Amino acid sequence: MDPILMKLGEVVENGKVDKNSPYPPQMKGQDGADELARQALDNGVAPGDVLSEALVPAMDRVGLKFSENKIFVPQMLMSAKAMSAAMAHLKPFFQSGDVKTKGTFIIGTVKGDLHDIGKNLVAMMVEGGGWTIIDLGVDVNEDTFNQTVSENPGSVVGLSALLTTTMANMEVIVKKIKETHPETKVLVGGAPLTDDFRSKIGADFYSPDPRGAVEYLKELVA
Ligand code: B1M
């Protein structure tokens, strides 16, 4: 693997945001995710490889260490910050799609859930696919989703959840949207989801990754 990608994965795993960041103390003065992501792109590494070879595996390792009680929430949060610093450099590449005329995509992480890295990636890539994005952020309830659909007729909704506890809240949100706007398509995603679950809650499509979301939306307007 490219040595910069290896180093980038390592700094994200350890929560080193940038060179000036004092955390973690053992990496003081070293380049962080901010500098290394820039260097990787400047060296010609493809943005998709930065994501799939360095950043996503690093977050998987963080999740594993958290499950094994080797790290705790503050460390997980520093890794998330480091990942976001790297993603800021990828954003222009993922967004440099067509003129945004395909429609409006409303996206948010559902009620009770604060994980936004996956949701942000989906938003970036869908935007790159030519859609106008309304990002409602995290911890979004059914009324906010529904109200935003009312204000944007014809829009498509994307729901993200990372917790087995909060994925249950998707059902309430889908129900509310479908009651008021039965024609509105709702796409769901997030690590704990399955297509069975999607079917059970009455959503229209499940995608395990941003690419699937982009493809689904492309088909909708084809
Ligand atoms: Co949390 N957390 N976390 N966490 N966290 C997980 C999800 C966990 C699996 C870790 C573990 O135990 N191994 C676990 C969930 C267990 C479960 O429910 N099964 C967990 C837990 C338990 C918790 C807390 C409860 C911990 C606590 O407080 N005791 C707490 C809950 C807070 C809350 O939400 N209410 C919590 C908190 C946090 C932080 C705030 C510290 C931080 C999030 C910061 C942030 O997002 N800004 C955090 C992090 C970083 C993680 C892990 C380590 C990484 C998540 C991530 O960003 N992954 C995570 C472990 C893991 O995932 N390996 C973990 C990278 C990202 C690119 O992937 O988000 O899966 P992902 O998105 C993917 C796909 O899922 C998909 O596309 C993306 C790109 O491929 N996708 C969609 C996502 N949304 C989509 C929508 C779509 C389509 C595809 O269409 C609309």
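In each ligand, atom 1 is the first atom listed, and ligand 1 is the first ligand listed. Computed from a predicted structure; not experimentally measured. Note: hydrogens, waters and symmetry copies are ignored here, and every other heavy atom, side chains too, is used.
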Check your understanding: Quick one: nearest non-hydrogen protein atom to atom 52 (C) of ligand 1, plus distance?
Key -> Met76 SD, 4.3 Å

Review point. If we only count N/O pairs under 3.5 Å, is Gly63 in contact with ligand 1?
Key: yes

Exercise for review: For the pair Phe105 and Trp131, name the ring-plane relationship: parallel under 30°, tilted 30 to 60°, perpendicular over 60°.
Suggested key: perpendicular

Revision key, fill the gap. Among non-hydrogen protein atoms, atom 22 (C) of ligand 1 lies closest to Phe66 CE2, 3.9 Å

Check your understanding: Can you tell me if His181 and Ser150 form a side-chain donor-acceptor pair at under 3.5 Å?
Key -> yes

**Study point:** Sidechain-backbone polar pair: Asp139 side chain, Gly112 backbone, donor-acceptor under 3.5 Å
**Key:** yes

Review point. Among protein heavy atoms, which lies nearest atom 13 (N) of ligand 1, and at what distance?
Key: Ser67 OG, 2.7 Å

**Study point:** Atom indices of ligand 1, in the order listed, that fall short of 4.0 Å to a heavy atom of Asp113
**Key:** 34 (O)

Check your understanding: Of the listed options (Leu64, Leu163, Val156, Leu217), which comes nearest to atom 23 (C) of ligand 1 when hydrogens are ignored and any heavy atom counts?
Key -> Leu163

Point to revise | Shortest protein contact, atom 68 (O) of ligand 1 (heavy atom only) | key: Gly118 CA, 4.5 Å

Practice item. Return yes or no for this condition: an N or O of Gly112 is under 3.5 Å from an N or O of ligand 1. Key: yes

Point to revise | Side chain Tyr216, main chain Ser207, donor-acceptor under 3.5 Å | key: no

Practice item. Give the intermediate values and the outcome of salt bridge (Lys or Arg N to Asp or Glu O under 4.0 Å) for residues Asp42 and Arg38. Key: CA-CA 6 Å; Asp42 289 348; Arg38 186 71 264 151; 3.2 Å; yes

Review point. How far is atom 50 (C) of ligand 1 from its nearest protein heavy atom, and which residue and atom is that?
Key: Met59 CE, 3.5 Å

Check your understanding: Shared ILVMFWY cluster between Met170 and Leu163, side chains joined below 4.5 angstrom?
Key -> no

Point to revise | Co-membership, hydrophobic cluster, residues Leu77 and Met83, 4.5 Å side-chain | key: no

Review point. Taking the side chain from Asn169 and the backbone from Lys111, do they hold a donor-acceptor pair closer than 3.5 Å?
Key: yes

Check your understanding: For ligand 1, is there an N or O atom under 3.5 Å from any N or O atom of Lys119?
Key -> no

Study note, to complete from the structure: Per-atom filter on ligand 1: closer than 4.0 angstrom to a heavy atom of Ser207 are 88 (C), 89 (C)

**Study point:** ligand 1 N/O within reach of Thr165 N/O, cut-off under 3.5 Å
**Key:** no

Review point. Out of Glu68, Lys81, His115, who gets a non-hydrogen atom closest to atom 55 (C) of ligand 1?
Key: His115

Exercise for review: From the options Thr164, Thr166, Asn69, select the one whose nearest heavy atom is closest to atom 19 (N) of ligand 1.
Suggested key: Thr164

**Study point:** Short N or O distance, Leu114 and ligand 1, threshold 3.5 Å exclusive
**Key:** yes

Review point. What atoms in ligand 1 come closer than 4.0 Å to a heavy atom of Gly189?
Key: 82 (C), 84 (N), 85 (C), 86 (C), 87 (C), 88 (C), 89 (C), 90 (O)

Check your understanding: What's the shortest distance from atom 74 (C) of ligand 1 to any protein heavy atom, and which residue and atom give it?
Key -> Pro208 O, 3.5 Å

Practice item. For the residue pair Gln147 and Glu151, confirm or rule out a side-chain donor-acceptor distance under 3.5 Å. Key: yes

Point to revise | Distance filter under 4.0 Å to Gly158 heavy atoms, resulting ligand 1 atoms | key: 91 (C)

Check your understanding: Quick one: are Leu187 and Leu159 in side-chain contact, heavy atoms under 4.5 Å?
Key -> no

Check your understanding: Going by heavy atoms, is Ser79 under 4.0 Å from ligand 1?
Key -> no

Review point. If you measure from each heavy atom of Pro192 to ligand 1, is any distance below 4.0 Å?
Key: no

Exercise for review: Below 4.0 angstrom from a heavy atom of Val122, which ligand 1 atoms are there? Numbered from 1 as shown, please.
Suggested key: 82 (C), 85 (C), 86 (C), 87 (C), 88 (C), 89 (C)

Practice item. Treat each ILVMFWY residue as a node, draw an edge where side-chain heavy atoms are under 4.5 Å apart, and state whether Val186 and Phe205 are in one component. Key: no

Practice item. Indicate if Val73 and Leu162 have the same hydrophobic cluster label, given that clusters are the connected sets of ILVMFWY residues with side-chain heavy-atom separations under 4.5 angstrom. Key: no

Exercise for review: For atom 37 (C) of ligand 1, state whether the nearest protein heavy atom is under 4.0 Å away.
Suggested key: yes

Exercise for review: Distance to 0.1 Å, residue and atom name: give those for the protein heavy atom nearest to atom 77 (O) of ligand 1.
Suggested key: Pro210 CD, 3.5 Å

**Study point:** Contact check: Asp116 vs ligand 1, nitrogen or oxygen atoms, below 3.5 angstrom
**Key:** yes

Practice item. Using a 4.0 Å heavy-atom threshold (strictly under), name the region of Val138 that reaches ligand 1: side chain, backbone, both or neither. Key: neither

**Study point:** Ligand-side contact atoms (ligand 1) for residue partner Asp60, heavy atom cut-off under 4.0 Å
**Key:** 63 (N)

Review point. Salt bridge between Asp143 and Lys176, side-chain N to carboxylate O under 4.0 Å?
Key: yes

Exercise for review: Answer yes when Glu13 and Arg61 have at least one side-chain N-carboxylate O distance shorter than 4.0 Å, and no when they do not.
Suggested key: yes

Revision key, fill the gap. Logged contact type for Leu77 with ligand 1, heavy-atom cut-off 4.0 Å, is both

Practice item. Please confirm whether Asp209 comes within less than 3.5 Å of ligand 1 when only nitrogen or oxygen atoms on both sides are compared. Key: no

Review point. Hey, mind stepping through Met27 and Val11 against side-chain contact (heavy atoms from CB on, under 4.5 Å) and telling me if it holds?
Key: CA-CA 8 Å; Met27 288 187 157; Val11 297; 4.2 Å; yes

Point to revise | Ionic contact status for Lys178 with Asp204, cut-off 4.0 Å | key: yes

Check your understanding: Given Val186, Ile117, Leu162, which has its nearest heavy atom closest to atom 69 (O) of ligand 1?
Key -> Leu162

Revision key, fill the gap. Closest to atom 27 (C) of ligand 1 (heavy atoms only, candidates Val73, Ile106, Leu187) is Val73

Exercise for review: Using heavy-atom distances, let me know which of Pro74, Ala213, Gly190, Gly212 sits nearest atom 83 (C) of ligand 1.
Suggested key: Gly190

Practice item. Could you tell me whether some N/O pair between Val62 and ligand 1 is separated by less than 3.5 angstrom? Key: no

Exercise for review: Decide whether Val188 and Val172 are clustered together by the hydrophobic rule: side chain heavy atoms of Ile, Leu, Val, Met, Phe, Trp, Tyr closer than 4.5 Å, transitively.
Suggested key: no

Point to revise | Where ligand 1 meets Ala191 - atom numbers and elements under 4.0 angstrom, heavy-atom basis | key: 70 (O), 75 (O)

Check your understanding: What protein heavy atom is closest to atom 44 (C) of ligand 1, reported as residue, atom name and distance in Å?
Key -> Ala80 CB, 3.5 Å

**Study point:** 4.0 Å protein heavy-atom contact status of atom 59 (C) of ligand 1, strictly under
**Key:** no

Point to revise | Modelled atom types, side-chain donor and acceptor of Asp116 and Thr109, under 3.5 Å | key: no

**Study point:** Note: Glu10-Lys7 ion pair, threshold 4.0 Å (strictly below)
**Key:** yes

Exercise for review: Using distance alone, with no hydrogens and no angle criterion, decide if Asn141 and Thr144 have a side-chain donor and acceptor under 3.5 Å apart.
Suggested key: yes

Exercise for review: May I ask whether Ala161 places a heavy atom under 4.0 Å from ligand 1?
Suggested key: no

Study note, to complete from the structure: So the atoms of ligand 1 within less than 4.0 Å of a heavy atom of Leu121 turn out to be 67 (C), 79 (C)

Point to revise | Side-chain ion pair, Glu68 and Lys65, N-O less than 4.0 Å | key: no

